[in-house]
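Residue numbers begin at 1 in each chain, while the letters A, B, ... track the order of the sequences.
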Amino acid sequence: MSEELQLHLNRREFFSYLSVGWITFTAACAGMASLAFRFSYPNVNFEPEMEFLAGKTSDYEEGVDERWKNGFGVWMVKVEGKLFALSNICTHLGCIPNWLPAELKFKCPCHGSGYYMTGVNFEGPAPRPLERYAISITTEGLIKVDKTKIYRSEKGQWDHPSSFIPV
Amino acid sequence: MKEIINWMAEPIRSFPTFAILFFLMLKHYKTVGTKKFAYISLAVFFPAICWFCADPNFIKIILWPDNIPINILIITITFFTWLTLYKCAENDNRIEAGQLPLEALPENREKVWSWPNLVYTELFMIIACTIFLIVWAIIFKAPLEEPANPTWAPNPAKAPWYFLGLQEMLVYFDPWMAGVVLPVIILVGLILIPYIDTNPKGNGYYTFAERKMAITGFMFGWLVLWIYLIIVGTFLRGPNWTFYGPFEFWDFHKVEPMYNVNLSEYFWIKIFNTPMPTSLILREIPGIIITVIYLLMIPPIIGATKFGKKIIEKSGQIRFYIFVMLVLGMTSLPIKMILRWLFDLKYIIALPEWELNL
(Lines give C-alpha, C1' and ligand atoms only; values in the text may rest on other atoms or scores of the structure.)
Protein backbone atom coordinates (compact mmCIF):
# COMPACT_ATOMS: atom_id res chain seq x y z
CA MET A 1 0.00 0.00 0.00
CA SER A 2 1.47 3.37 -1.01
CA GLU A 3 1.98 6.32 1.34
CA GLU A 4 -0.48 8.46 -0.63
CA LEU A 5 -3.34 6.03 -0.27
CA GLN A 6 -2.65 5.65 3.43
CA LEU A 7 -3.12 9.40 3.81
CA HIS A 8 -6.41 9.46 1.92
CA LEU A 9 -8.00 6.53 3.70
CA ASN A 10 -9.20 7.53 7.14
CA ARG A 11 -10.76 5.27 9.75
CA ARG A 12 -14.38 5.93 8.73
CA GLU A 13 -13.71 5.23 5.04
CA PHE A 14 -11.86 2.07 5.89
CA PHE A 15 -14.91 0.77 7.76
CA SER A 16 -17.30 1.61 4.94
CA TYR A 17 -15.05 -0.24 2.48
CA LEU A 18 -14.84 -3.13 4.90
CA SER A 19 -18.66 -3.26 5.27
CA VAL A 20 -19.23 -3.23 1.52
CA GLY A 21 -16.61 -5.92 1.03
CA TRP A 22 -17.94 -8.05 3.82
CA ILE A 23 -21.57 -7.77 2.67
CA THR A 24 -20.55 -8.68 -0.89
CA PHE A 25 -18.61 -11.68 0.35
CA THR A 26 -21.52 -12.88 2.52
CA ALA A 27 -23.99 -12.42 -0.32
CA ALA A 28 -21.75 -14.38 -2.70
CA CYS A 29 -21.40 -17.20 -0.18
CA ALA A 30 -25.15 -17.26 0.47
CA GLY A 31 -25.80 -17.32 -3.27
CA MET A 32 -23.42 -20.22 -3.77
CA ALA A 33 -24.94 -22.08 -0.82
CA SER A 34 -28.49 -21.63 -2.11
CA LEU A 35 -27.41 -22.81 -5.57
CA ALA A 36 -25.78 -25.86 -4.01
CA PHE A 37 -28.91 -26.49 -1.96
CA ARG A 38 -31.11 -26.23 -5.04
CA PHE A 39 -28.75 -28.59 -6.89
CA SER A 40 -29.34 -31.31 -4.32
CA TYR A 41 -33.02 -31.53 -5.31
CA PRO A 42 -33.98 -33.36 -8.50
CA ASN A 43 -35.41 -31.38 -11.43
CA VAL A 44 -37.98 -34.04 -12.16
CA ASN A 45 -39.54 -36.18 -9.47
CA PHE A 46 -40.39 -39.75 -10.43
CA GLU A 47 -42.02 -40.61 -7.09
CA PRO A 48 -45.12 -42.68 -7.74
CA GLU A 49 -48.42 -41.17 -6.69
CA MET A 50 -49.64 -42.19 -3.26
CA GLU A 51 -53.17 -42.66 -4.62
CA PHE A 52 -54.10 -44.42 -7.82
CA LEU A 53 -57.06 -45.98 -9.61
CA ALA A 54 -56.61 -49.70 -10.15
CA GLY A 55 -59.40 -50.57 -12.59
CA LYS A 56 -62.50 -52.61 -11.87
CA THR A 57 -62.86 -55.55 -9.51
CA SER A 58 -63.74 -57.76 -12.49
CA ASP A 59 -60.23 -57.12 -13.92
CA TYR A 60 -58.66 -59.34 -11.29
CA GLU A 61 -58.38 -63.10 -11.32
CA GLU A 62 -58.24 -65.16 -8.16
CA GLY A 63 -54.68 -64.97 -6.80
CA VAL A 64 -51.90 -62.40 -6.92
CA ASP A 65 -51.84 -59.68 -9.57
CA GLU A 66 -48.50 -58.01 -10.24
CA ARG A 67 -49.54 -55.28 -12.68
CA TRP A 68 -49.12 -52.42 -10.16
CA LYS A 69 -45.98 -53.77 -8.53
CA ASN A 70 -43.39 -51.91 -10.63
CA GLY A 71 -45.33 -48.67 -10.87
CA PHE A 72 -46.74 -48.31 -7.37
CA GLY A 73 -45.27 -51.10 -5.24
CA VAL A 74 -48.60 -52.82 -4.67
CA TRP A 75 -49.79 -56.36 -5.21
CA MET A 76 -53.53 -56.79 -5.77
CA VAL A 77 -54.52 -60.04 -4.14
CA LYS A 78 -57.92 -61.68 -4.55
CA VAL A 79 -58.33 -64.56 -2.16
CA GLU A 80 -61.10 -66.00 0.05
CA GLY A 81 -63.69 -63.56 -1.24
CA LYS A 82 -61.58 -60.49 -0.50
CA LEU A 83 -59.63 -58.16 -2.76
CA PHE A 84 -56.89 -56.21 -1.04
CA ALA A 85 -53.82 -54.11 -1.88
CA LEU A 86 -50.71 -55.64 -0.35
CA SER A 87 -47.57 -53.57 0.24
CA ASN A 88 -44.42 -54.98 -1.40
CA ILE A 89 -42.12 -53.93 1.43
CA CYS A 90 -40.76 -56.74 3.59
CA THR A 91 -41.56 -56.16 7.27
CA HIS A 92 -38.13 -57.40 8.31
CA LEU A 93 -35.78 -54.81 6.82
CA GLY A 94 -37.67 -53.18 3.94
CA CYS A 95 -36.42 -55.19 0.95
CA ILE A 96 -38.71 -55.97 -1.98
CA PRO A 97 -39.90 -59.61 -1.95
CA ASN A 98 -40.68 -61.54 -5.13
CA TRP A 99 -43.91 -63.38 -5.88
CA LEU A 100 -43.11 -67.02 -6.63
CA PRO A 101 -46.14 -68.36 -8.52
CA ALA A 102 -44.92 -71.98 -8.41
CA GLU A 103 -44.55 -72.04 -4.64
CA LEU A 104 -47.51 -69.70 -4.02
CA LYS A 105 -45.56 -67.45 -1.71
CA PHE A 106 -43.78 -64.11 -1.48
CA LYS A 107 -40.08 -64.56 -0.82
CA CYS A 108 -37.65 -61.84 0.19
CA PRO A 109 -34.21 -61.99 -1.51
CA CYS A 110 -32.38 -60.28 1.37
CA HIS A 111 -32.83 -62.57 4.37
CA GLY A 112 -35.25 -65.21 3.11
CA SER A 113 -38.50 -64.11 4.75
CA GLY A 114 -41.51 -65.85 3.24
CA TYR A 115 -45.18 -64.82 3.20
CA TYR A 116 -48.35 -66.60 2.15
CA MET A 117 -50.54 -65.19 -0.57
CA THR A 118 -52.56 -63.41 2.13
CA GLY A 119 -49.42 -61.60 3.28
CA VAL A 120 -49.04 -63.58 6.51
CA ASN A 121 -45.40 -64.33 7.35
CA PHE A 122 -44.47 -67.97 7.92
CA GLU A 123 -40.74 -68.41 7.32
CA GLY A 124 -37.54 -66.50 7.82
CA PRO A 125 -37.00 -63.59 10.18
CA ALA A 126 -39.99 -61.39 9.22
CA PRO A 127 -41.68 -60.47 12.52
CA ARG A 128 -45.13 -59.55 11.16
CA PRO A 129 -47.31 -59.87 8.05
CA LEU A 130 -47.04 -57.55 5.04
CA GLU A 131 -49.01 -54.33 5.35
CA ARG A 132 -52.22 -53.68 3.44
CA TYR A 133 -53.18 -50.32 1.94
CA ALA A 134 -56.55 -48.63 2.13
CA ILE A 135 -58.75 -49.70 -0.77
CA SER A 136 -62.19 -48.40 -1.76
CA ILE A 137 -64.56 -48.16 -4.75
CA THR A 138 -65.21 -44.75 -6.28
CA THR A 139 -68.62 -43.57 -7.48
CA GLU A 140 -67.58 -44.58 -11.03
CA GLY A 141 -67.08 -48.17 -9.85
CA LEU A 142 -63.27 -48.05 -10.02
CA ILE A 143 -60.94 -49.33 -7.33
CA LYS A 144 -58.99 -46.61 -5.53
CA VAL A 145 -55.85 -47.59 -3.61
CA ASP A 146 -54.64 -45.10 -0.98
CA LYS A 147 -51.07 -45.82 0.10
CA THR A 148 -51.12 -43.14 2.80
CA LYS A 149 -53.25 -45.38 5.03
CA ILE A 150 -51.85 -48.74 6.13
CA TYR A 151 -53.53 -51.62 7.92
CA ARG A 152 -51.43 -53.99 10.03
CA SER A 153 -52.56 -57.51 10.84
CA GLU A 154 -50.87 -57.79 14.25
CA LYS A 155 -52.86 -54.75 15.39
CA GLY A 156 -56.09 -56.40 14.25
CA GLN A 157 -56.64 -53.84 11.49
CA TRP A 158 -57.25 -56.31 8.66
CA ASP A 159 -60.92 -56.51 9.65
CA HIS A 160 -61.30 -52.80 8.99
CA PRO A 161 -63.84 -52.28 6.16
CA SER A 162 -61.52 -50.10 4.06
CA SER A 163 -58.65 -52.61 4.19
CA PHE A 164 -60.36 -54.88 1.63
CA ILE A 165 -63.19 -55.06 -0.90
CA PRO A 166 -65.53 -58.04 -0.62
CA VAL A 167 -65.87 -59.77 -4.01
CA MET B 1 -18.21 -87.07 -2.55
CA LYS B 2 -19.57 -83.71 -3.73
CA GLU B 3 -22.95 -84.68 -2.35
CA ILE B 4 -21.38 -85.31 1.04
CA ILE B 5 -19.61 -81.94 1.01
CA ASN B 6 -22.84 -80.17 0.03
CA TRP B 7 -24.62 -81.97 2.85
CA MET B 8 -21.87 -81.18 5.34
CA ALA B 9 -21.87 -77.50 4.35
CA GLU B 10 -25.41 -76.95 5.67
CA PRO B 11 -25.06 -74.51 8.60
CA ILE B 12 -26.46 -77.00 11.08
CA ARG B 13 -23.55 -79.35 10.37
CA SER B 14 -20.82 -76.97 9.23
CA PHE B 15 -21.15 -74.58 12.19
CA PRO B 16 -20.44 -77.22 14.88
CA THR B 17 -17.73 -78.74 12.65
CA PHE B 18 -16.08 -75.36 12.25
CA ALA B 19 -16.34 -74.66 16.00
CA ILE B 20 -14.88 -78.08 16.91
CA LEU B 21 -12.03 -77.63 14.41
CA PHE B 22 -11.38 -74.20 15.94
CA PHE B 23 -11.12 -75.58 19.47
CA LEU B 24 -8.98 -78.53 18.29
CA MET B 25 -6.68 -76.05 16.57
CA LEU B 26 -6.24 -74.03 19.77
CA LYS B 27 -5.86 -77.15 21.92
CA HIS B 28 -3.08 -78.51 19.70
CA TYR B 29 -1.64 -75.14 18.80
CA LYS B 30 1.88 -76.39 19.29
CA THR B 31 1.32 -78.99 16.56
CA VAL B 32 -0.53 -76.57 14.28
CA GLY B 33 2.04 -73.85 14.83
CA THR B 34 4.91 -75.69 13.16
CA LYS B 35 6.30 -75.28 9.68
CA LYS B 36 5.92 -79.02 9.11
CA PHE B 37 2.17 -78.80 9.77
CA ALA B 38 1.88 -75.82 7.43
CA TYR B 39 3.66 -77.65 4.60
CA ILE B 40 1.64 -80.84 5.08
CA SER B 41 -1.69 -79.00 5.11
CA LEU B 42 -0.63 -76.99 2.06
CA ALA B 43 0.23 -80.26 0.29
CA VAL B 44 -3.17 -81.70 1.25
CA PHE B 45 -5.32 -78.64 0.59
CA PHE B 46 -3.77 -77.44 -2.66
CA PRO B 47 -4.86 -80.49 -4.71
CA ALA B 48 -8.20 -80.49 -2.87
CA ILE B 49 -8.84 -76.86 -3.83
CA CYS B 50 -7.81 -77.59 -7.43
CA TRP B 51 -10.34 -80.42 -7.46
CA PHE B 52 -12.96 -78.06 -5.96
CA CYS B 53 -12.25 -75.50 -8.69
CA ALA B 54 -12.80 -78.10 -11.41
CA ASP B 55 -16.49 -77.97 -10.51
CA PRO B 56 -18.35 -75.43 -12.70
CA ASN B 57 -20.73 -74.28 -9.93
CA PHE B 58 -17.93 -73.84 -7.41
CA ILE B 59 -15.65 -71.89 -9.73
CA LYS B 60 -18.56 -69.65 -10.75
CA ILE B 61 -19.18 -68.57 -7.16
CA ILE B 62 -15.48 -68.22 -6.40
CA LEU B 63 -14.77 -66.01 -9.41
CA TRP B 64 -17.84 -63.81 -9.06
CA PRO B 65 -16.23 -60.31 -8.94
CA ASP B 66 -17.87 -59.42 -5.62
CA ASN B 67 -16.44 -62.52 -4.00
CA ILE B 68 -12.78 -62.01 -4.90
CA PRO B 69 -12.10 -60.02 -1.66
CA ILE B 70 -13.46 -62.91 0.38
CA ASN B 71 -11.09 -65.33 -1.36
CA ILE B 72 -8.18 -63.03 -0.52
CA LEU B 73 -9.54 -62.66 3.02
CA ILE B 74 -9.77 -66.43 3.57
CA ILE B 75 -6.22 -66.97 2.35
CA THR B 76 -4.74 -64.13 4.42
CA ILE B 77 -6.69 -65.05 7.55
CA THR B 78 -5.62 -68.69 7.30
CA PHE B 79 -2.01 -67.62 6.91
CA PHE B 80 -2.03 -65.06 9.71
CA THR B 81 -3.83 -67.38 12.11
CA TRP B 82 -1.18 -70.00 11.46
CA LEU B 83 1.60 -67.40 11.78
CA THR B 84 0.23 -66.29 15.17
CA LEU B 85 0.06 -69.85 16.43
CA TYR B 86 3.57 -70.49 15.08
CA LYS B 87 4.97 -67.50 16.97
CA CYS B 88 2.96 -68.37 20.10
CA ALA B 89 4.24 -71.95 20.04
CA GLU B 90 7.81 -70.75 19.57
CA ASN B 91 7.61 -68.32 22.51
CA ASP B 92 5.70 -70.70 24.78
CA ASN B 93 8.36 -73.36 24.23
CA ARG B 94 11.03 -70.81 25.14
CA ILE B 95 9.14 -69.65 28.25
CA GLU B 96 8.66 -73.27 29.34
CA ALA B 97 12.41 -73.81 28.98
CA GLY B 98 12.98 -70.77 31.19
CA GLN B 99 14.13 -68.46 28.39
CA LEU B 100 12.88 -64.99 27.48
CA PRO B 101 10.35 -64.69 24.63
CA LEU B 102 11.92 -63.89 21.27
CA GLU B 103 10.67 -60.31 21.28
CA ALA B 104 12.38 -59.64 24.61
CA LEU B 105 15.86 -60.61 23.42
CA PRO B 106 18.33 -57.71 23.41
CA GLU B 107 18.85 -57.82 19.62
CA ASN B 108 15.06 -57.52 19.09
CA ARG B 109 14.71 -54.67 21.56
CA GLU B 110 17.06 -52.45 19.59
CA LYS B 111 15.42 -49.27 18.34
CA VAL B 112 15.62 -48.05 14.74
CA TRP B 113 14.95 -44.67 13.09
CA SER B 114 11.54 -44.21 11.51
CA TRP B 115 13.39 -42.48 8.64
CA PRO B 116 14.38 -44.32 6.50
CA ASN B 117 13.30 -47.71 7.96
CA LEU B 118 9.57 -47.08 8.37
CA VAL B 119 9.03 -44.42 5.71
CA TYR B 120 10.65 -46.52 2.98
CA THR B 121 8.49 -49.51 3.87
CA GLU B 122 5.38 -47.34 3.82
CA LEU B 123 6.28 -45.80 0.48
CA PHE B 124 6.83 -49.24 -0.99
CA MET B 125 3.51 -50.49 0.37
CA ILE B 126 1.63 -47.45 -0.99
CA ILE B 127 3.04 -48.12 -4.48
CA ALA B 128 2.38 -51.87 -4.25
CA CYS B 129 -1.23 -51.38 -3.08
CA THR B 130 -1.91 -48.79 -5.79
CA ILE B 131 -0.61 -51.14 -8.50
CA PHE B 132 -2.62 -54.01 -7.02
CA LEU B 133 -5.85 -51.99 -6.95
CA ILE B 134 -5.37 -50.71 -10.50
CA VAL B 135 -4.70 -54.21 -11.86
CA TRP B 136 -7.70 -55.53 -9.94
CA ALA B 137 -9.95 -52.75 -11.28
CA ILE B 138 -8.82 -53.55 -14.83
CA ILE B 139 -9.35 -57.31 -14.54
CA PHE B 140 -12.66 -57.35 -12.66
CA LYS B 141 -14.89 -54.64 -14.02
CA ALA B 142 -17.72 -53.18 -11.98
CA PRO B 143 -21.00 -54.34 -13.53
CA LEU B 144 -23.17 -51.72 -15.21
CA GLU B 145 -26.70 -52.54 -14.20
CA GLU B 146 -30.10 -51.09 -15.03
CA PRO B 147 -31.26 -47.82 -13.37
CA ALA B 148 -32.25 -48.05 -9.73
CA ASN B 149 -35.85 -49.05 -9.16
CA PRO B 150 -37.40 -48.71 -5.70
CA THR B 151 -39.97 -51.44 -6.40
CA TRP B 152 -37.49 -54.13 -7.40
CA ALA B 153 -34.58 -55.84 -5.61
CA PRO B 154 -31.88 -58.08 -7.11
CA ASN B 155 -32.12 -61.74 -6.17
CA PRO B 156 -30.15 -62.57 -4.07
CA ALA B 157 -29.70 -59.04 -2.70
CA LYS B 158 -26.28 -59.12 -1.10
CA ALA B 159 -24.65 -56.52 1.10
CA PRO B 160 -21.04 -55.47 0.44
CA TRP B 161 -18.70 -58.31 1.41
CA TYR B 162 -17.66 -56.73 4.73
CA PHE B 163 -21.34 -56.58 5.81
CA LEU B 164 -22.25 -60.13 4.80
CA GLY B 165 -21.64 -61.38 8.34
CA LEU B 166 -24.18 -58.81 9.56
CA GLN B 167 -26.62 -59.76 6.82
CA GLU B 168 -26.31 -63.41 7.81
CA MET B 169 -26.93 -62.39 11.45
CA LEU B 170 -30.11 -60.63 10.32
CA VAL B 171 -31.51 -63.99 9.21
CA TYR B 172 -31.70 -64.97 12.87
CA PHE B 173 -32.56 -61.64 14.48
CA ASP B 174 -34.90 -58.71 14.30
CA PRO B 175 -33.35 -55.76 12.39
CA TRP B 176 -33.19 -53.75 15.60
CA MET B 177 -31.10 -56.44 17.28
CA ALA B 178 -28.79 -57.50 14.44
CA GLY B 179 -28.63 -54.09 12.80
CA VAL B 180 -28.27 -51.77 15.78
CA VAL B 181 -27.92 -53.42 19.20
CA LEU B 182 -25.45 -56.21 18.37
CA PRO B 183 -23.13 -54.07 16.19
CA VAL B 184 -23.04 -51.45 18.97
CA ILE B 185 -22.24 -54.18 21.52
CA ILE B 186 -19.48 -55.49 19.22
CA LEU B 187 -17.94 -52.02 18.76
CA VAL B 188 -18.28 -51.03 22.42
CA GLY B 189 -16.91 -54.42 23.46
CA LEU B 190 -13.86 -54.06 21.21
CA ILE B 191 -13.26 -50.54 22.54
CA LEU B 192 -13.60 -51.78 26.14
CA ILE B 193 -11.10 -54.66 25.79
CA PRO B 194 -8.07 -52.69 27.04
CA TYR B 195 -10.07 -51.38 30.04
CA ILE B 196 -11.53 -54.75 31.03
CA ASP B 197 -8.46 -56.83 30.30
CA THR B 198 -5.74 -55.30 32.47
CA ASN B 199 -3.57 -58.39 32.48
CA PRO B 200 -0.10 -57.22 31.38
CA LYS B 201 0.97 -60.66 30.16
CA GLY B 202 1.36 -60.96 26.43
CA ASN B 203 2.10 -57.25 25.96
CA GLY B 204 4.64 -56.93 23.20
CA TYR B 205 5.24 -60.63 22.63
CA TYR B 206 3.32 -63.60 21.26
CA THR B 207 2.07 -66.14 23.76
CA PHE B 208 -0.88 -68.46 24.01
CA ALA B 209 -0.20 -70.38 27.22
CA GLU B 210 -0.28 -67.21 29.35
CA ARG B 211 -3.49 -65.79 27.80
CA LYS B 212 -5.54 -68.87 26.96
CA MET B 213 -8.99 -67.52 27.83
CA ALA B 214 -8.58 -64.06 26.31
CA ILE B 215 -7.26 -65.40 23.00
CA THR B 216 -9.82 -68.22 22.79
CA GLY B 217 -12.71 -65.84 23.50
CA PHE B 218 -11.60 -63.23 21.00
CA MET B 219 -10.74 -65.72 18.27
CA PHE B 220 -14.06 -67.54 18.74
CA GLY B 221 -15.96 -64.32 18.08
CA TRP B 222 -13.67 -63.40 15.20
CA LEU B 223 -13.23 -66.69 13.35
CA VAL B 224 -16.22 -68.85 14.28
CA LEU B 225 -18.87 -66.14 14.40
CA TRP B 226 -17.75 -63.33 12.13
CA ILE B 227 -15.61 -64.99 9.44
CA TYR B 228 -17.74 -68.12 9.29
CA LEU B 229 -20.87 -66.01 8.76
CA ILE B 230 -19.14 -63.99 6.03
CA ILE B 231 -18.16 -67.22 4.26
CA VAL B 232 -21.70 -68.60 4.51
CA GLY B 233 -23.25 -65.32 3.40
CA THR B 234 -20.88 -64.98 0.46
CA PHE B 235 -20.53 -68.43 -1.02
CA LEU B 236 -23.43 -70.45 0.29
CA ARG B 237 -26.44 -68.14 0.05
CA GLY B 238 -28.16 -68.05 -3.30
CA PRO B 239 -31.46 -66.77 -4.71
CA ASN B 240 -34.11 -65.98 -2.07
CA TRP B 241 -31.33 -66.28 0.51
CA THR B 242 -31.77 -70.03 0.39
CA PHE B 243 -28.82 -72.16 1.40
CA TYR B 244 -26.85 -73.78 -1.45
CA GLY B 245 -23.93 -76.18 -1.04
CA PRO B 246 -20.60 -75.21 -2.62
CA PHE B 247 -21.18 -77.53 -5.61
CA GLU B 248 -24.88 -76.89 -5.97
CA PHE B 249 -26.36 -75.10 -8.96
CA TRP B 250 -28.19 -71.89 -7.95
CA ASP B 251 -31.64 -73.11 -8.89
CA PHE B 252 -34.16 -70.30 -8.40
CA HIS B 253 -36.89 -72.79 -7.62
CA LYS B 254 -35.14 -74.66 -4.83
CA VAL B 255 -37.70 -74.94 -2.06
CA GLU B 256 -36.63 -75.34 1.51
CA PRO B 257 -39.46 -76.39 3.74
CA MET B 258 -39.37 -73.93 6.60
CA TYR B 259 -41.98 -72.93 9.09
CA ASN B 260 -40.69 -70.63 11.78
CA VAL B 261 -42.52 -70.32 15.06
CA ASN B 262 -42.18 -67.90 17.96
CA LEU B 263 -41.52 -69.21 21.44
CA SER B 264 -44.91 -67.92 22.59
CA GLU B 265 -46.65 -69.98 19.91
CA TYR B 266 -44.70 -73.08 20.96
CA PHE B 267 -45.59 -72.45 24.58
CA TRP B 268 -49.31 -71.69 24.33
CA ILE B 269 -50.41 -73.65 21.27
CA LYS B 270 -48.13 -76.68 21.16
CA ILE B 271 -47.61 -77.36 24.87
CA PHE B 272 -50.81 -76.05 26.47
CA ASN B 273 -53.03 -76.40 23.43
CA THR B 274 -54.81 -73.13 24.22
CA PRO B 275 -55.34 -70.09 22.02
CA MET B 276 -52.81 -67.29 22.37
CA PRO B 277 -53.67 -64.93 25.24
CA THR B 278 -54.79 -61.49 24.06
CA SER B 279 -52.71 -59.64 26.64
CA LEU B 280 -49.33 -58.99 25.01
CA ILE B 281 -47.26 -59.33 28.17
CA LEU B 282 -49.01 -62.52 29.22
CA ARG B 283 -48.56 -63.88 25.70
CA GLU B 284 -44.80 -63.29 25.73
CA ILE B 285 -44.22 -64.14 29.39
CA PRO B 286 -42.23 -67.37 28.72
CA GLY B 287 -39.78 -65.49 26.50
CA ILE B 288 -39.50 -62.59 28.93
CA ILE B 289 -38.74 -64.99 31.80
CA ILE B 290 -36.07 -66.78 29.76
CA THR B 291 -34.45 -63.48 28.71
CA VAL B 292 -34.45 -62.17 32.30
CA ILE B 293 -32.89 -65.43 33.52
CA TYR B 294 -30.31 -65.27 30.74
CA LEU B 295 -29.28 -61.68 31.41
CA LEU B 296 -29.74 -61.37 35.18
CA MET B 297 -29.24 -64.86 36.62
CA ILE B 298 -26.33 -66.20 34.57
CA PRO B 299 -23.78 -63.48 35.51
CA PRO B 300 -24.06 -64.06 39.31
CA ILE B 301 -24.03 -67.84 38.73
CA ILE B 302 -20.79 -67.55 36.74
CA GLY B 303 -19.49 -65.18 39.43
CA ALA B 304 -20.09 -67.86 42.07
CA THR B 305 -18.07 -70.52 40.27
CA LYS B 306 -14.39 -71.04 40.86
CA PHE B 307 -13.58 -69.61 37.44
CA GLY B 308 -15.67 -66.49 38.02
CA LYS B 309 -14.25 -65.92 41.49
CA LYS B 310 -10.77 -65.95 40.03
CA ILE B 311 -11.66 -63.23 37.52
CA ILE B 312 -13.44 -61.11 40.16
CA GLU B 313 -10.41 -61.40 42.40
CA LYS B 314 -8.10 -60.34 39.60
CA SER B 315 -10.07 -57.54 37.96
CA GLY B 316 -12.91 -56.54 40.29
CA GLN B 317 -16.71 -56.77 40.25
CA ILE B 318 -17.50 -54.07 37.67
CA ARG B 319 -15.04 -55.36 35.10
CA PHE B 320 -16.31 -58.90 35.61
CA TYR B 321 -19.97 -58.03 35.09
CA ILE B 322 -19.31 -55.90 32.00
CA PHE B 323 -17.21 -58.75 30.63
CA VAL B 324 -19.91 -61.37 31.30
CA MET B 325 -22.62 -59.20 29.74
CA LEU B 326 -20.51 -58.74 26.59
CA VAL B 327 -19.87 -62.48 26.40
CA LEU B 328 -23.61 -63.15 26.83
CA GLY B 329 -24.30 -60.74 23.97
CA MET B 330 -21.84 -62.67 21.82
CA THR B 331 -23.16 -66.12 22.73
CA SER B 332 -26.74 -65.04 22.01
CA LEU B 333 -25.86 -65.34 18.30
CA PRO B 334 -24.89 -69.06 18.24
CA ILE B 335 -27.74 -69.80 20.66
CA LYS B 336 -30.30 -68.25 18.35
CA MET B 337 -28.77 -69.86 15.26
CA ILE B 338 -28.90 -73.31 16.81
CA LEU B 339 -32.47 -72.81 18.07
CA ARG B 340 -33.50 -71.77 14.56
CA TRP B 341 -31.88 -74.80 12.95
CA LEU B 342 -33.10 -77.33 15.47
CA PHE B 343 -36.56 -76.05 16.45
CA ASP B 344 -37.40 -73.50 13.71
CA LEU B 345 -37.64 -70.98 16.52
CA LYS B 346 -38.04 -67.43 15.25
CA TYR B 347 -38.21 -65.05 18.20
CA ILE B 348 -37.92 -65.67 21.92
CA ILE B 349 -39.87 -62.49 22.62
CA ALA B 350 -42.09 -61.48 19.70
CA LEU B 351 -43.80 -58.12 20.12
CA PRO B 352 -44.26 -56.88 16.54
CA GLU B 353 -46.90 -54.50 17.90
CA TRP B 354 -44.08 -52.62 19.64
CA GLU B 355 -41.42 -53.39 16.99
CA LEU B 356 -39.60 -55.37 19.66
CA ASN B 357 -38.41 -58.89 18.92
CA LEU B 358 -35.60 -60.82 20.52
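In this structure, the side chains of B/Asn240 and A/Leu100 come closer than 4.5 Å at one or more pairs of heavy atoms. Between A/Pro125 and B/Phe173, the closest side-chain pair of non-hydrogen atoms is not below 4.5 Å. At least one side-chain heavy atom of A/Asn121 sits less than 4.5 Å from a side-chain heavy atom of B/Lys346.
Within a 6.0 Å radius of CD in A/Glu13, more than 12 heavy atoms belonging to other residues, nucleotides or ligands are found. The number of heavy atoms from other shown groups lying within 6.0 Å of CZ (B/Phe163) does not exceed 12. For A/Lys147, the NZ atom is densely surrounded, since the number of other residues' heavy atoms within 6.0 Å is greater than 12. Heavy-atom neighbours of B/Trp176 CH2 from other residues, nucleotides or ligands within 6.0 Å: at or below the threshold of 12. Heavy-atom contacts from other residues, nucleotides or ligands closer than 6.0 Å to NZ of A/Lys149 number 12 or fewer.
The part of A/Cys108 that comes within reach of chain B is its backbone (N, CA, C, O), which places non-hydrogen atoms under 4.5 angstrom from that chain. Contacts between B/Pro239 and chain A at a heavy-atom distance below 4.5 Å are absent for every atom of the residue. Both the backbone and the side chain of B/Tyr259 come within less than 4.5 Å of a heavy atom in chain A. For a residue to count as touching a neighbouring chain, one of its non-hydrogen atoms must lie under 4.5 Å from one of that chain's; by this rule B/Glu168 does not touch chain A. For B/Arg237, no part lies under 4.5 angstrom from a heavy atom of chain A. In this structure, chain B has a heavy atom under 4.5 Å from the side chain of A/Glu103, while its backbone stays farther away. Looking at A/Asn98, only its side chain comes within 4.5 Å of chain B, counting heavy atoms on both sides. For B/Asn149, the part sitting under 4.5 Å from any heavy atom of chain A is the side chain, from C-beta outward, and nothing else.
In this structure a side-chain-to-backbone donor-acceptor pair under 3.5 Å is missing from B/Gln167 to A/His111. Counting only distance, with no hydrogens or angles, the side chain of A/His92 and the backbone of B/Val171 share no donor-acceptor pair below 3.5 Å.
Among A/Leu93, A/Thr91, A/Asn70, the residue making the largest number of heavy-atom pairs under 4.5 Å with chain B is A/Asn70. Of all the listed residues (B/Pro175, B/Pro156, B/Ala153), the one sharing the greatest number of non-hydrogen pairs under 4.5 Å with chain A is B/Pro175. For the set A/Gly73, A/Gly71, A/Gly124, the count of heavy-atom pairs under 4.5 angstrom toward chain B peaks at A/Gly124.
To the nearest 0.5 Å, atom NZ of residue A/Lys107 and atom OG1 of residue B/Thr242 are 5.0 Å apart. With rounding to the nearest 0.5 angstrom, the SG atom of A/Cys95 is 9.5 Å from the CH2 atom of B/Trp241.
Classification of A/Arg152 and B/Glu355 as a salt-bridged pair holds, one side-chain N sitting under 4.0 Å from a carboxylate O.
Of all heavy-atom pairs between A/Pro127 and B/Asp174, the closest is CG-OD1, 4.0 Å.
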